[in-house]
J.: 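Take this structure, written in structure tokens, and hold onto it; I'll ask about it next.
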Amino acid sequence: MSKNVLILPGDGIGPEIVAQAVRVLEQVNQTHSLNISHESALVGGAAYDETGSPLPESTLEKAKAADAILLGAVGGPKWDGLDMAVRPEKGLLGLRSNLELFANLRPAILYPQLAEASSLKPEIVAGLDILIVRELTGGIYFGQPRGIRTLENGEREGFNTYVYSESEIRRIAHSAFEAARQRNKRVCSIDKSNVLEVTVLWKEIMEEVAKEYPDVELSHMLVDNAAMQLVRAPKQFDVMVTGNMFGDILSDAAAMLTGSIGMLPSASLNAKGQGMYEPCHGSAPDIAGQGIANPLATILSVAMMLRYSFGAREVGAKEAAAAIEAAVSRVLDLGLRTSDIASEGCTTVSTQAMGDAVLAELQKS
Ligand code: IPM
Ligand code: MG
């Protein structure tokens, strides 16, 4: 049966990088007979400009019906002045919450070829392979009440609510322990339990769920220490599991360890196994339209899609994912770099040329 992928290019560099990823998807679809079709829709600022909503009903309907979603990025200064409710980011957050994509997997893997591009010493990051499991549909991002109100004295006050239910914590805990089972069997849960009650509960539920995974070792770390440890000795981590906001912050830090946030793919999964795949970086409006953005995180997101959404059922999907990952690695071996990962002795190439190179390597495999 044909599988349908919804492509949401979004804003900024989104359309440029997604275009390259779609070429890669089309290529492996052919070579590995995957029977995947795709269609595109609007999200974010691009959708707002066209329809007045960052997540038009038609996009949401298509997303719900899709077997998987590939998203570029949303947002940019053009829309900064908009009301919170219609900002481009609401399009992305609306997709995450409407589809209940609660488990966000953000692998931070250092390609040995890029050890020099990391801002840390090569020996600190060599061999780095961390998986951040970020809760994506709860926490302070979605907690109610929220807003900006005017107090009796006329002063305004902004407020958000950091809340997690037991069931929300339990399901992301299972995601983390399951993921650890496929890796080095260590989970480090990140909290701020010395200050925030919500994370006291978080820690307690993590302990409870850990009992079902006696083969996996659970440890806990406060988020401020975790931020420090990530730049001090990142290889101590295997799987890090944390809430929405801490995960947002820590995953950017982890990304930079690998040389560039332009290298990091991500998967956001729901309980039905439906997934949305996107690079961890944003829309990078400062370089949008110049043809210099790094498409590799988006291309690697296609590989994650083939693994997580199609790998279990579709013959050839896992092989196609491995072929994409190998092609990316060979392109780096060839010394091709977009400007974000440029280094001496390497050739700096455009977004399109990087896509061409991955396709050429795929054709050889
Ligand atoms: C991310 C991004 C988003 C987030 C923004 C664009 C809403 O930073 O995916 O990490 O905060 O989750
Ligand atoms: Mg972020």
Side-chain angles (χ1 to χ4, degrees), residues 8-15 17-18 21 42-48 53-55 59 63 69-80 82-108 130-143 146 160 162 164 168 172 190 223 226-227 230 240-258 260-270 275-288 293-294 297-298 300-301 304-305 340:
L8 301 172
D11 309 319
I13 59 170
I17 52 175
V18 163
L42 292 171
V43 74
Y48 173 81
S53 160
L55 181 57
T59 298
I69 302 160
L70 180 69
L71 184 135
V74 295
K78 180 178 175 194
W79 303 283
D80 274 354
L82 288 181
D83 197 70
M84 245 345 197
V86 290
R87 281 182 63 113
E89 289 78 3
K90 280 285 177 203
L92 176 58
L93 297 172
L95 280 167
R96 289 174 179 172
S97 65
N98 277 289
L99 275 67
E100 275 200 82
L101 301 166
F102 69 90
N104 183 216
L105 311 182
R106 300 191 159 188
I130 300 177
L131 177 68
I132 297 190
V133 177
R134 168 187 176 193
E135 200 291 327
L136 203 58
T137 52
I140 198 164
Y141 269 51
F142 292 96
R146 63 188 295 159
N160 288 88
Y162 189 178
Y164 269 121
E168 283 177 311
I172 194 69
I190 311 298
V223 64
L230 264 180
M240 300 174 89
V241 63
T242 190
N244 209 341
M245 185 166 67
F246 296 162
D248 178 44
I249 299 166
L250 294 178
S251 62
D252 268 28
M256 264 326 281
L257 302 175
T258 70
S260 168
I261 196 167
M263 294 300 298
L264 256 71
S266 81
S268 307
L269 309 171
N270 65 20
M276 179 159 82
Y277 301 83
E278 48 177 318
C280 288
H281 59 71
S283 59
D286 52 324
I287 59 163
N294 186 348
T298 319
L300 291 167
S301 297
M304 279 192 101
M305 171 193 294
D340 58 316

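Positions are given from 1, in the same order as the sequence printed here. Heavy-atom basis, side chains included; hydrogens, waters and symmetry copies ignored. Start at 1 and go down the list; that is how both ligands and their atoms are numbered.
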J.: Is the backbone N or O of Ala108 less than 3.5 Å from a side-chain atom of Thr258, with the two atoms forming a donor-acceptor pair by type?
T.: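 The answer is no, because no donor-acceptor pair under 3.5 Å joins these two groups.
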J.: Quick one: pull up CD in Glu278 and CD1 in Ile17 and give me the separation to the nearest 0.5 Å.
T.: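 Nearest 0.5 Å value for the CD-CD1 distance: 10.0 Å.
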J.: Does ligand 1 have an atom under 4.0 Å from some heavy atom of Arg106?
T.: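 So Arg106 counts as touching ligand 1.
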J.: Which residue supplies the protein heavy atom nearest to atom 7 (C) of ligand 1, what is that atom called, and how far is it?
T.: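 Looking at atom 7 (C) of ligand 1, the protein heavy atom closest to it is Glu89 CG, 3.8 Å.
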J.: Given 3.5 Å as the limit, does a donor-acceptor pair link the side chain of Thr59 with the main chain of Leu42, or not?
T.: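 Yes: the side chain of Thr59 pairs with the backbone of Leu42.
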J.: Using heavy-atom distances, let me know which of Leu71, Asp248, Val74 sits nearest atom 10 (O) of ligand 1.
T.: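 Looking at heavy atoms only, Asp248 sits closest to atom 10 (O) of ligand 1.
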J.: Report yes or no: does Asp252 have an N/O/S atom closer than 2.8 Å to the Mg ion (ligand 2)?
T.: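 It does not: Asp252 brings no N, O or S atom closer than 2.8 Å to the Mg ion (ligand 2).
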J.: Taking Leu136's backbone N and O only, do any of them form a donor-acceptor pair with Asn104's side chain (distance below 3.5 Å, no angle check)?
T.: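 No.
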J.: Are any non-hydrogen side-chain atoms of Met276 and Leu99 less than 4.5 angstrom apart?
T.: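 A side-chain contact is absent here, since even the closest heavy-atom pair is not under 4.5 Å.
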J.: Between Glu135 (side chain) and Thr137 (backbone), is there a donor-acceptor pair under 3.5 Å?
T.: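 Yes.
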J.: Between Arg134 and ligand 1, which part of the residue brings a heavy atom under 4.0 Å of the ligand: side chain, backbone, both or neither?
T.: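 For Arg134, the contact with ligand 1 is made by the side chain alone.
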J.: Would you say Arg96 contacts ligand 1, with heavy atoms under 4.0 Å as the rule?
T.: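 Yes.
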J.: Return the closest protein heavy atom for atom 4 (C) of ligand 1 as residue, atom name and distance.
T.: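 The closest heavy atom on the protein side is Tyr141 OH, 3.5 Å.
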J.: Looking at the Mg ion (ligand 2), which N/O/S atom of Asp248 is the nearest one?
T.: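 Minimum-distance N/O/S atom of Asp248 relative to the Mg ion (ligand 2) is OD1.
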